[in-house]
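Following: one structure in structure tokens, then a few remarks.
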Amino acid sequence: MASKTDLVIVESPSKAKTIGKYLGPGYEVKASMGHVRDLPKSKIGVDIEHGFVPDYQPIKGKEDVISDLKKAAKKSGKVYLATDPDREGEAISWHLKELLNIPDDKTYRVTFNEITKNVVNQSIAAPRAIDQNLVDAQQARRILDRIVGYQLSPLLWRKIRRGLSAGRVQSVATRLVVEREEEIRAFQPQEYWTIEADLGRVAPNAGTFKAQFYGRDKKMELSSGAEADAVIAAVEKGIFSVTKVKRQEKNRTPAPPFTTSTLQQEASRKLNMTPARTMSIAQQLYEGVDISGEGTVGLITYMRTDSLRLSEEALAAAKGFIETRYGKEYYPPQTRHFKTKGNAQDAHEAIRPSDVNLVPDEIKKDLTAEQYKLYKLIWSRFLSCQMANAVYDSLSIEVENSGYTFRASHSSLKFSGFTAVYEEGKDEEDEERQSPLPDLKEGELLERRGLKKDQHFTQPPARYSEASLIRALEEKGIGRPSTYAPTITTILNREYVVKEGKALRPTPLGEVVTSLMKDKFQDIVDPTFTAQMEEQLDRVEEGSADWKKVLSQFYGDFDAELKKAEQELDGERIKVPDEVSEEVCPQCGRNLVIKSGRFGRFLACPGWPECDFTMPLVVEMPGKCPKCGGRLLKRTGKSKKTGKQYTYYCCERLTSKDESKKCDFMTWDVPVKDNCPVCGQTMFKKAGRGAKKPFCINEACSNFTPEEKRGGWQKKPAAAAGEVGEAAPAEEKPAKKTAAKKPAAEKKTSVKKTTAAKKSTAAKKTAAAQKPAAKRSTATKKKAEA
């Protein structure tokens with residue numbers, strides 16, 4: 001009797017395809033398509049009074065998948081549950097076992113930190129039982145979030161607006177954004193002044209440099225113009241002399257390999273990818289991509305991790321690759337090991353390429369543009385973390401005049417080290433780099449070429465970006481690697497927060513909901529409490545805490561707060577104030593307000609029902625109009641021909657009814673915050689995903705970049721179509737001339753294929769085509785104008 005085929009169940013078809021190739025004919029690999037059962041959507045689905053018993057039900061629409069898996073499990077020998085190697089994956093395996101009624105003696109749990117032939121076969125050869133502690137930790141999180149969501153959200157519906165939601169992590173994330181906005185509003189700018197001395201050696205053409213005012217004996221802050229003038233007056237009478245010259249080598253170490261959090265942050269900074277998009281592309285790279293000559297290959301290790309640990313095999317492979325390709329001097333004296341943070345689960349390795357020898361540029365043709373960019377980012381970061389330090393020659397100079405000290409410094413790269421492969425991105429731009437300094441000696445006298453004072457004001461803290469918000473959540477211990485991306489997606493979808501460029505700004509709705517939560521449910525939005533709950537779930541995973549006791553301790557206080565809030569808010573309805581824009585209603589002159597509808601946010605006149613004017617939402621962009629200096633706005637329009645929406649950027653005065661103030665500037669290119677270093681005008685970049693290089697559009701500037709050298713899809717903006725908020729897109733050009741030039745033979749073929757029912761229509765078109773040319777051109781012109 002032939003032996004039975006073993007069944008392997010994974011989540012996705014692409015993962016099934018990759019693993020099936022490695023295991024061969026003795027195994028049947030099927031996909032569960034994610035979760036197969038969950039709590040019901042129509043009710044809370046948890047029996048709170050009898051020990052938090054969950055009511056799991058098969059997910060609607062999965063009937064055929066479940067039936068197919070049941071049949072396959074019944075006729076198979078062993079059943080390997082190979083879902084993702086985390087809490088959620090462990091829970092999916094447990095649900096599959098329970099739902100498919102797989103006996104204990106047939107159930108084998110396997111996990112793959114990377115989907116490569118060696119790892120897959122090693123894992124299949126060493127299965128284990130389902131880890132119930134991991135399952136219980138996931139159950140506790142799921143039930144905890146269900147209780148909060150299904151008992152708190154209805155209160156928000158009744159008191160504020162339908163469709164709102166609350167949650168342990170999303171409410172804290174919203175609070176962080178709201179409180180950052182409150183800091184910005186309360187910020188009082190402080191005046192300060194800087195002084196720059198333009199200095200040179202006494203000998204002609206011997207080199208000049210700029211030195212910044214430092215202080216006297218210690219750092220001094222110049223808080224007024226009078227203080228700056230006093231310093232200038234003193235140094236104008238004295239002589240500058242070099243008091244200190246310090247030359248040294250500085251070493252710069254590479255950044256550690258990626259965790260989920262740092263990957264999302266870096267992809268946001270360098271590739272302009274949202275966290276959700278980053279995780280989607282990373283999932284594709286993990287599950288497998290078809291590579292020419294290799295077949296389907298899992299390119300990276302598991303992408304949901306907070307660990308910095310790397311396997312010894314990966315470290316050895318990196319060493320061999322670095323020494324072969326770059327030389328032995330590019331490998332450090334000792335192999336680098338990175339210490340994982342104390343609150344990390346450390347269940348998996350850091351994110352790295354499965355095979356460092358699969359160089360991104362060599363497999364680029366097999367990847368999509370996004371897959372290539374993200375894989376290159378992960379590959380470069382991993383390789384660089386095992387490379388030698390970058391070495392810089394650093395020169396710092398102190399100059400003195402009348403007891404005041406001025407400083408200048410410069411660094412030049414001596415040995416590239418890891419920077420030959422990768423440099424970490426930053427949320428904030430670096431300060432302007434110093435020019436090289438002349439070879440000065442201590443005691444040398446200098447010639448003053450000029451003194452310049454500048455007034456500055458301290459700036460408020462920057463709004464969170466998706467990258468910096470993820471970093472804040474991680475630092476505060478809120479959420480786990482798998483929760484960052486969905487949390488940000490949720491607060492954006494609920495319109496608690498809006499995205500302006502890369503910045504996250506709270507809406508009035510987000511502020512009202514946060515205020516209510518802070519007042520009535522302090523624990524839910526308290527970062528410390530939320531972090532402690534995560535620690536409790538970690539203890540459940542370790543087996544040192546009972547998941548039902550954790551839920552019971554939480555629910556007692558939560559239920560009391562909920563009942564108290566219901567009593568205090570009885571009969572009260574909280575109004576969300578309208579968000580007033582700077583756009584003016586062209587019908588009645590009122591400032592338009594931002595409203596939300598079934599299709600998203602839009603601008604509307606607050607004078608309704610007397611005035612019913614609405615228009616698409618416009619967003620203010622960084623920079624100034626290059627024609628008139630007005631605000632630059634992001635607008636959306638809708639193609640009359642295709643019905644598709646499009647985005648363009650224009651001057652705020654594009655739709656002005658005052659012809660003397662009207663400005664016709666509009667473009668498809670995206671304004672950026674950087675100004676041209678030559679002419680000072682706002683720079684632009686091409687639209688689309690990924691990093692794009694800014695360029696200057698000022699034709700009179702020496703830094704001007706012509707259209708053909710800007711990269712991206714070349715699209716010429718048409719003039720405004722005359723409607724508020726809509727411009728005629730480039731594709732809406734009359735295309736009748738092409739039809740008129742069809743060869744006669746092609747027309748005959750077309751007539752032959754025409755059915756009898758359509759002959760009269762075809763005859764009419766033929767007659768129309770035979771109209772006098774003058775009439776035809778007039779008709780075409782009118783159609784084009786329309």
Side-chain angles (χ1 to χ4, degrees), residues 184 187-248 250 392-413 426-462 622-624 673-683 701-703:
I184 293 170
F187 181 79
Q188 297 293 326
Q190 302 294 319
E191 179 185 10
Y192 71 97
W193 290 73
T194 58
I195 302 173
E196 183 180 77
D198 190 359
L199 305 172
R201 303 178 97 168
V202 176
N205 303 318
T208 62
F209 66 99
K210 299 183 188 300
Q212 310 298 322
F213 174 73
Y214 176 75
R216 174 178 278 170
D217 299 326
K218 61 181 181 179
K219 178 75 173 171
M220 285 176 60
E221 296 292 341
L222 303 175
S223 56
S224 68
E227 291 181 5
D229 288 336
V231 173
I232 290 175
V235 298
E236 281 181 334
K237 297 174 184 177
I239 297 174
F240 284 95
S241 63
V242 179
T243 56
K244 188 175 182 181
V245 177
K246 185 177 181 181
R247 292 180 176 86
Q248 61 179 341
K250 286 188 176 180
Y392 293 83
D393 276 330
S394 174
L395 173 61
S396 57
I397 295 171
E398 285 191 7
V399 177
E400 192 173 293
N401 184 334
S402 305
Y404 293 108
T405 301
F406 288 72
R407 287 183 173 181
S409 61
H410 179 259
S411 292
S412 59
L413 185 63
K426 293 180 172 61
D427 290 319
E428 301 297 328
E429 295 297 321
D430 286 335
E431 294 179 6
E432 185 179 349
R433 291 184 179 179
Q434 264 280 15
S435 300
L437 298 172
D439 185 19
L440 298 170
K441 295 179 175 56
E442 290 185 9
E444 185 173 346
L445 300 181
L446 301 171
E447 188 178 75
R448 173 170 52 83
R449 307 285 174 86
L451 286 168
K452 185 177 74 170
K453 65 175 183 177
D454 284 306
Q455 183 185 34
H456 308 274
F457 291 92
T458 53
Q459 297 298 308
K624 299 292 181 185
K673 65 179 182 179
D674 303 314
N675 292 329
C676 174
V678 178
C679 68
Q681 284 196 12
T682 295
M683 297 178 76
C701 175
S702 60
N703 194 36

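Numbers for residues simply follow the sequence, beginning at 1.
- Checked by atom type and distance alone, the side chain of Gln459 pairs as donor or acceptor with a backbone atom of Phe457 at under 3.5 Å.
- Within 6.0 Å of NZ on Lys219 lie more than 12 heavy atoms contributed by other residues, nucleotides or ligands.
- A cation-pi contact, defined as under 6.0 Å to the ring centre and within 45° of the axis, is absent between Arg448 and Phe240.
- Looking only at side-chain heavy atoms (C-beta outward), Thr194 and His456 come within less than 4.5 Å of each other.
- Counting heavy-atom neighbours within 6.0 Å of Ile239 CD1, excluding the residue itself, gives a total of 12 or less.
- A donor-acceptor contact shorter than 3.5 Å is absent between the side chain of Thr405 and the backbone of Tyr214.
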Quick one, Lys246 with Ile397, criterion side-chain contact (heavy atoms from CB on, under 4.5 Å). Give me CA distance, side-chain angles, the key distance, then yes/no. CA-CA 6 Å; Lys246 185 177 181 181; Ile397 295 171; over 6 Å; no

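- The one candidate from Asn401, Val399, Leu445 that meets the side chain to side chain contact (heavy atoms under 4.5 Å, CB included) condition with Ser241 is Leu445.
- Using a 4.0 Å cut-off between charged side-chain N and carboxylate O, Glu444 and Arg201 make a salt bridge.
- Looking at heavy atoms from C-beta onward, Phe209 lies in side-chain contact with Leu199 at the 4.5 angstrom threshold.
- Here the closest non-hydrogen pair linking Gly200 and Arg449 is CA-NH2, 3.9 Å.
- The side-chain heavy atoms of Cys676 and Cys701, taken from C-beta on, include a pair separated by under 4.5 Å.
- Within a 6.0 Å radius of CD in Gln248, other residues, nucleotides and ligands contribute more than 12 heavy atoms.
- By the 4.5 Å heavy-atom criterion applied to side chains, Lys441 and Val245 are not counted as neighbours.
- Closest approach of Gly225 to Glu191, counting heavy atoms only: N-OE2, 4.2 Å.
- Contact annotation: the side chain of Met220 approaches that of Phe213 to within less than 4.5 Å [non-hydrogen atoms, C-beta and beyond].
- Residues Thr208 and Pro438 share a closest heavy-atom pair of O-CD, 4.2 Å.
- Salt bridge absent: Lys250 and Asp393 never bring a charged side-chain N and a carboxylate O closer than 4.0 Å.
- A distance of 6.0 Å separates CG of Leu222 from CD of Glu227, quoted to the nearest 0.5 Å.
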Could you go through Leu451 and Asp198, starting from their C-alpha distance and side-chain angles, then the distance that decides it, and tell me whether this counts as side-chain contact (heavy atoms from CB on, under 4.5 Å)? CA-CA 6 Å; Leu451 286 168; Asp198 190 359; over 6 Å; no

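- For the residue pair Ile184 and Ala462, the shortest heavy atom distance occurs at CD1-C, 4.5 Å.
- Distance alone, capped at 3.5 Å, is enough to place a donor-acceptor pair between the Thr243 side chain and the Glu398 backbone.
- Annotation: the span from Ser396 atom OG to Lys244 atom NZ amounts to 7.0 Å, rounded to 0.5 Å.
- No side-chain heavy atom of Gln212 sits under 4.5 Å from any side-chain heavy atom of Arg407.
- Between Phe406 and Val235 the shortest side-chain heavy-atom distance falls below 4.5 Å.
- Among all heavy-atom pairs drawn from Thr682 and Pro622, the shortest one is CG2-O, 4.4 Å.
- At a threshold of 4.5 Å between non-hydrogen side-chain atoms, the residues Ser412 and His410 count as touching.
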